[in-house]
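Counting convention: from 1, in listed order, for ligands and their atoms alike.
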Amino acid sequence: MIAIEIARAGGPEVLTPVERPMPEPVAGEVLIRVAAAGVNRPDVMQRRGVYPPPPGASDIPGLEVAGTVEHVGAGVSEWRGGDRVCALISGGGYAEYCVAPAAQCLPVPEGMEVVDAAAIPETFFTVWTNVFDRGALGEGERALFHGGSSGIGTTAIQLAATRGARVYVTAGSDEKCRACERLGAERAINYRSVDFVEAVKELTGGAGVDLILDIMGGDYLDRNLRALAIGGRLVQIGLMGGSEATIDLRRLLGRRLTLTGSTLRPRSVEEKGAIAEALLREVWPLLETGRVRPIVYRRFPLTQASEAHRLMESSEHIGKIVLTI
Ligand SMILES: NC(=O)c1ccc[n+]([C@@H]2O[C@H](COP(=O)([O-])OP(=O)(O)OC[C@H]3O[C@@H](n4cnc5c(N)ncnc54)[C@H](OP(=O)(O)O)[C@@H]3O)[C@@H](O)[C@H]2O)c1
């Protein structure tokens, strides 16, 4: 099969189409003929050599796919050849075939094109477990999502707004801000021209927000803590602005704040399976009625993975980028 290999750590040009043997599903896994694979920022970090695959995962990049089940490994009864699925995987998605744990597969939502379904798993699993499980965002609460136009952001806006939260986001241009508002954000803040802490204080009558989902880290930490309301939660899922920061811990005490975070990729199949079950129950009906959808900005053929990474690093995109086969 054709797969995209990271020839060495480096720029987008190191993504190289190669021939690789087809993977074989072991017990509990399915083999998927890939129709499309989503591109995610963690793939860019893996390509640069700063986010190695966890032990046992494929060295081929790609954390999500959609396609057709080819055949299944021992003990798999919930899927069979011909089923249309999308799947969260720990690597191996940039390829004509890949294996996935059966528990991490979900049906392509009724009425959705299979290519669009490839843009679902990574961001929907991540947003569900961090915004609703870990962050416990409730109806009527206020949330701030940084990077509102990112794959993660466009998913978080729609899910939170549909579930009755009031959503604010930051984004890097007025065009991106308007796109976020069309998706359901009550207000999008252009962080290049407006201080988001001031904006949040103004929008909430001085109270702050109940939850922040942050992809920046670094010097955003102190500013995030200042933008939280009493009892607020900061969930850290990315460190694009740096992994170290200094804060005045009194900020946590006075307003009883919670600082937490997580990464999805190293979690167990059981944990990811539990997230898949919650998504099927709570989110699949929203996808099937079109109330929530993956926002696909652009598709590239698999062999143009380098171009897809160049686009992602330009940050021009709004939503997701997918590779098609
Ligand atoms: N913890 C987890 O389990 C998990 C899982 C998936 C993804 N993530 C993380 O979530 C983040 C988003 O991932 P994604 O795949 O959705 O990526 P993405 O679509 O490429 O989004 C990244 C966004 O960050 C913004 N950005 C880029 N450079 C910036 C800078 N210097 N300052 C401020 N904003 C900047 C860009 O928008 P602007 O134009 O607005 O700047 C861009 O839209 C990444 O940090 C990724 O590692 C975490």
Side-chain angles (χ1 to χ4, degrees), residues 12 37-48 50-51 54 61-64 88-91 93 104 118-135 144-159 168-181 183 185 188-196 212-221 223-224 234-243 260-268 271-272 275 294-298 308-323:
V39 175
N40 292 283
R41 195 59 72 146
D43 307 347
V44 171
M45 288 152 52
Q46 181 176 339
R47 193 207 69 217
R48 288 182 189 156
V50 295
Y51 190 54
L63 301 174
E64 59 184 351
L88 179 77
I89 48 181
S90 299
Q104 293 172 208
I120 295 175
E122 177 69 11
T123 62
F124 278 73
F125 277 70
T126 300
V127 167
W128 185 265
T129 188
N130 287 291
V131 171
F132 301 104
D133 285 343
R134 191 162 291 273
L144 173 68
F145 302 135
H146 290 299
S149 65
S150 65
I152 292 284
T154 52
T155 303
I157 293 169
Q158 294 183 81
L159 285 180
Y168 310 119
V169 302
T170 60
S173 73
D174 290 342
E175 186 204 352
K176 287 182 169 185
C177 284
R178 297 298 83 75
C180 293
E181 287 171 353
L183 288 174
I189 302 156
N190 183 339
Y191 67 84
R192 293 186 203 276
S193 52
V194 177
D195 177 66
F196 75 81
I212 298 178
L213 184 69
D214 183 45
I215 61 174
M216 293 307 296
D219 64 6
Y220 265 43
L221 177 57
R223 299 169 73 197
N224 282 332
L234 169 58
V235 185
Q236 199 69 50
I237 62 161
L239 302 167
M240 291 172 61
S243 60
T260 181
S262 78
T263 54
L264 182 62
R265 199 178 187 185
R267 294 177 75 176
S268 69
E271 286 175 298
K272 290 173 183 169
I275 301 170
I295 306 300
V296 177
Y297 181 76
R298 194 150 160 209
H309 275 219
R310 277 190 194 98
L311 174 60
M312 177 157 275
E313 285 178 281
S314 77
S315 281
E316 259 173 47
H317 61 293
I318 294 173
K320 299 276 302 187
I321 300 166
V322 294
L323 302 173

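Of all the atoms in ligand 1, the ones that sit under 4.0 Å from a non-hydrogen atom of S149 are 43 (O). Taking every non-hydrogen atom of G238 and a distance limit under 4.0 Å, the qualifying atoms of ligand 1 come out as 45 (O).
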| message | Checking I152 against L213 for the side chain to side chain contact (heavy atoms under 4.5 Å, CB included) test, could you report, in this order, the C-alpha distance in whole Å, the side-chain angles of both residues, the deciding distance, and whether it holds? | response | CA-CA 10 Å; I152 292 284; L213 184 69; 3.9 Å; yes
| side chain to side chain contact (heavy atoms under 4.5 Å, CB included) between K320 and N40: does it pass, once the steps are laid out? | CA-CA 8 Å; K320 299 276 302 187; N40 292 283; 2.7 Å; yes
| request: Applying side chain to side chain contact (heavy atoms under 4.5 Å, CB included), run through E313 and R48 and close with a yes or a no. | output: CA-CA 12 Å; E313 285 178 281; R48 288 182 189 156; 2.6 Å; yes
| request: Go through E64 and I120 one step at a time and tell me if the side chain to side chain contact (heavy atoms under 4.5 Å, CB included) criterion holds. | output: CA-CA 8 Å; E64 59 184 351; I120 295 175; 5.7 Å; no
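Residue contacts with ligand 1, taken as heavy atom pairs separated by less than 4.0 Å, involve R41 via backbone and side-chain atoms alike. Heavy atoms of E122 found under 4.0 angstrom from ligand 1 belong exclusively to the side chain. If you look at K176 next to ligand 1, the close heavy atoms, those under 4.0 Å, all belong to the side chain. Contacts of M216 with ligand 1, taken as heavy-atom pairs under 4.0 Å, involve the side chain alone. Only backbone heavy atoms of S262 (N, CA, C or O) come within less than 4.0 Å of ligand 1; its side chain stays farther off.
Polar contact check, Y220 against ligand 1: no nitrogen or oxygen pair lies under 3.5 Å apart. Residue-to-ligand polar distances place L264 within reach of ligand 1: an N/O pair is separated by less than 3.5 Å. Ligand 1 has a nitrogen or oxygen under 3.5 angstrom from a nitrogen or oxygen of H317. At least one N or O atom of I152 sits closer than 3.5 Å to an N or O atom of ligand 1. The shortest N/O to N/O separation between G147 and ligand 1 does not fall below 3.5 Å. In terms of polar-atom proximity, defined here as any N/O pair under 3.5 Å, G151 does make such a contact with ligand 1.
Residue, atom and distance of the protein heavy atom nearest to atom 21 (O) of ligand 1 are S150 CB, 2.8 Å. From the protein, the heavy atom lying nearest to atom 40 (O) of ligand 1 is G172 N, 2.7 Å. In this structure, the protein non-hydrogen atom closest to atom 25 (C) of ligand 1 is M240 CE, 4.3 Å. In terms of protein heavy-atom proximity, atom 36 (C) of ligand 1 is nearest to S315 OG, 3.5 Å. In terms of protein heavy-atom proximity, atom 34 (N) of ligand 1 is closest to Y191 OH, 3.4 Å. Regarding atom 8 (N) of ligand 1, its nearest protein heavy-atom neighbour is I237 O, 3.8 Å. When only non-hydrogen protein atoms are considered, atom 11 (C) of ligand 1 lies nearest to I215 CG2, 3.4 Å.
Looking at heavy atoms from C-beta onward, S315 lies in side-chain contact with K176 at the 4.5 angstrom threshold. S150 places none of its side-chain heavy atoms less than 4.5 Å from the side chain of R41.
Relative ring orientation between F196 and Y220 is described as tilted, the plane-to-plane angle lying within the 30° to 60° band.
Annotation: salt bridge (charged side-chain N to carboxylate O under 4.0 Å, His left out) contacts of D219 (sequence neighbours excluded): none. Listed by chain and residue number, F125, W128, T129, L264, R267, L279 satisfy the side chain to side chain contact (heavy atoms under 4.5 Å, CB included) test with I275 (two or more places apart in sequence, or in another chain).
Between E316 and R298 there is no salt bridge, since no side-chain nitrogen of the basic residue lies less than 4.0 Å from a carboxylate oxygen of the acidic one.
Under a 3.5 Å cut-off, the side chain of Q158 and the backbone N or O of L183 do not form any donor-acceptor pair.
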